[in-house]
Number of protein chains: 2
Amino acid sequence: MHRETLQRYMNYLLLLTKLKSEGRATVTSDELAVREGVTGSRVRQDLSALRILGKPRQGYRIADLEILISSMLDILSAKPVALVGIGNLGRALVLSDIWSHAGFDLVALFDADPAVIGTAVAGIPVRDAATMERFIQEQGIESACLALPADKAQAVADRLVNAGVRAFWNFALIDLDVPAGIIVENQRLEQGLMALSFRIAKRNSDQARGPQD
Amino acid sequence: MHRETLQRYMNYLLLLTKLKSEGRATVTSDELAVREGVTGSRVRQDLSALRILGKPRQGYRIADLEILISSMLDILSAKPVALVGIGNLGRALVLSDIWSHAGFDLVALFDADPAVIGTAVAGIPVRDAATMERFIQEQGIESACLALPADKAQAVADRLVNAGVRAFWNFALIDLDVPAGIIVENQRLEQGLMALSFRIAKRNSDQARGPQD
DNA sequence: TAGATTGTTAATCGATTAACAATC
DNA sequence: TAGATTGTTAATCGATTAACAATC
């Protein structure tokens, strides 16, 4: 599946939650389309691909859509995940409520700093990174979030792969080198900011040229 | 410009930095293509669109590429930007080195919590959010990063727009309502994690079915 | 019933790849 | 020179839109 398509499904889900909070029970393809900047045709094809059926004159049932898109994304289950690196970013992530929304259950925190080992964040104890492999193996944890500096990420990733981790959510600005079959989802904050820079430059030059062009 | 294309330019830039650190001075379109998972043809078209010229048998000069892609993204200048919300996420962002890499200069921090007002992060003083509008106006700041809870983001965005801010990097999980011409770049951490969930589910089902399919 | 909206096929559009003469 | 690689045009491919019969 194309990344744009996946993005679209996630945006549908976001819109559905909003519509539901407004008390709506059904939604038409054109409504979703307008908010997503695409045609109703595209939406109907997306939903059709998921075997979701609507009814003429009524549209689609929001509750059905939510369940089917969620199950496609596999965010209804709760996959155990460990987070390594209890710095400011790590803490922010631990304290957020994104884990359950995205189909994960944050079960373990690790850091190498004696000052934070033994403390707890959001009720989850911070364990000594030296004990990482053993815990990961015993618990059968297959996903990990790396909230570490770039110079430490590769070494930690190597250890985690050896312990059985098969999927990473990586915040370090580095291309991790992992064996085939291991998934790395890079969260490059820098790129969001660069994209903003580009969009500002483009808007300013467009406005300078005038709207006729 | 399509979002995928913009992404590609940013990835080229990342690869160039890496190649330069390895002592390379030139790079061919096929080299960039392989690392980006695209054909040399696509790379040559991307670079051609930027009026970047290579030389047969040698490829492109890395130094030239870096400057031209950077100037297209407008990350060579230093646009002043303010950050609102000195929580864990805000601190992590302030302490990162992404601002200058992406063409921004972080010049002001704001928070409403008396406990942090008057303190400093990375040498930058945290100001009272009550004085936000005045400072933004006086300094002519046109960009802002929102590292706030979703329920406070809209109100702060409204105030900032009134004070002259015309571009937002938004971490709050909310669709900001802003006037036409104001740019909002949403950094949805949740979506990265959902994408990981989907990729894991897909890999696991692919492996279960076997590689023949 | 009448008509709004679906589900699906065909048409369009744009992005990507292929091809190859030009050239360093 | 010979040949690797560019720059660019044509071909292909896939995503998006348009169209419309089916239907609730």
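When reading the values below, keep in mind they use all heavy atoms of this one structure, side chains included, and skip hydrogens, waters and symmetry mates. Not measured: the values here are computed from a predicted model. Within every chain, numbering begins at 1; the chains are lettered A, B, ... in the order of the sequence lines, protein sequences first and strands thereafter.
- The pair Arg35(A)-Asp30(A) does not count as a salt bridge, with every side-chain nitrogen at least 4.0 angstrom from each carboxylate oxygen.
- The distance between atom CG of Leu47(B) and atom P of dT6(D), rounded to the nearest whole Å, is 9 Å.
- dT8(D) is paired with dA19(C) under the criterion used here, namely a Watson-Crick or G-U wobble arrangement in which both key atom distances are under 3.5 Å.
- The interatomic distance linking His2(A) (NE2) with dC13(D) (P) rounds to 16 Å, in whole Å.
- In this structure, Arg61(A) does not pair ionically with Glu66(A), as no charged nitrogen and carboxylate oxygen lie closer than 4.0 Å.
- Between Asp74(B) and Lys79(B) there is a salt bridge, since a side-chain N of the basic residue sits under 4.0 Å from a carboxylate O of the acidic one.
- Proximity note for Arg8(B) (side chain, C-beta onward) versus dC24(C), dT16(C), dC20(C): the nearest is dT16(C).
- Figure legend. dG3(C) is base-paired to dC24(D); pairs are counted as Watson-Crick or G-U wobble with both atom distances under 3.5 Å.
- The shortest distance between the side-chain N/O atoms of Arg57(B) and the OP1/OP2 oxygens of dG3(D) is not below 4.0 Å.
- Rounded to an integer number of Å, the gap from Asp46(A) CG to dA15(D) C1' is 10 Å.
- Proximity note for Thr28(A) (side chain, C-beta onward) versus dT17(C), dT16(C), dT5(C): the nearest is dT5(C).
- Nucleotide dT6(C) holds its P atom 16 Å from the CG atom of Leu50(A), rounded to whole Å.
- Look at CZ on Arg61(B): it is 16 Å from P on dC24(C), rounded to the nearest Å.
- Among the nucleotides dT6(D), dT17(D), dT5(C), the one closest to any side-chain atom of Val38(A) is dT17(D).
- Contact of Gln45(A) with dT9(C) (side chain to base): a donor-acceptor pair of N or O atoms is detected under 3.5 Å.
- When each of dG7(D), dT17(C), dC24(C) is scored by its nearest atom to the side-chain atoms of Lys55(B), the top-ranked nucleotide is dC24(C).
- Gln191(B) and Asn11(A) are linked by a side-chain donor-acceptor pair at a separation below 3.5 angstrom, with hydrogens and angles left out of the test.
- The Ser41(A) side chain lies nearest to dT8(C) when the options are dA19(C), dA18(C), dT8(C).
- Using a 4.0 Å heavy-atom distance criterion, Leu53(A) is classed as a sugar-phosphate-only contact.
- For the pair Leu32(A) CG and dT17(D) C1', the interatomic distance rounds to 17 Å; values are reported in whole Å.
- With dC24(D), dA4(D), dT17(D) as the choices, the nucleotide that has an atom nearest any side-chain atom of Gln58(A) turns out to be dC24(D).
- Between the CD atom of Glu4(A) and the P atom of dA15(C) there is a distance of 11 Å, given to the nearest Å.
- The CG atom of Leu6(A) sits 13 Å away from the P atom of dA15(D) (whole-angstrom rounding).
- Using a 4.0 Å heavy-atom criterion, one finds that Ser29(A) contacts the sugar-phosphate atoms exclusively.
- Nearest heavy-atom pair, Ala167(A) versus Ile182(A), reported as atom, atom and distance to 0.1 Å: N-CG2, 4.4 Å.
- Close to dC24(C), at under 4.0 Å from its OP1 or OP2, lies no side-chain N or O of Tyr60(B).
- Both Arg42(B) and Asp30(A) sit near DNA chain C, but only Asp30(A) has its closest nucleotide nearer the 5' end.
- The pair Arg199(B)-Glu185(A) counts as a salt bridge, with a side-chain nitrogen and a carboxylate oxygen less than 4.0 angstrom apart.
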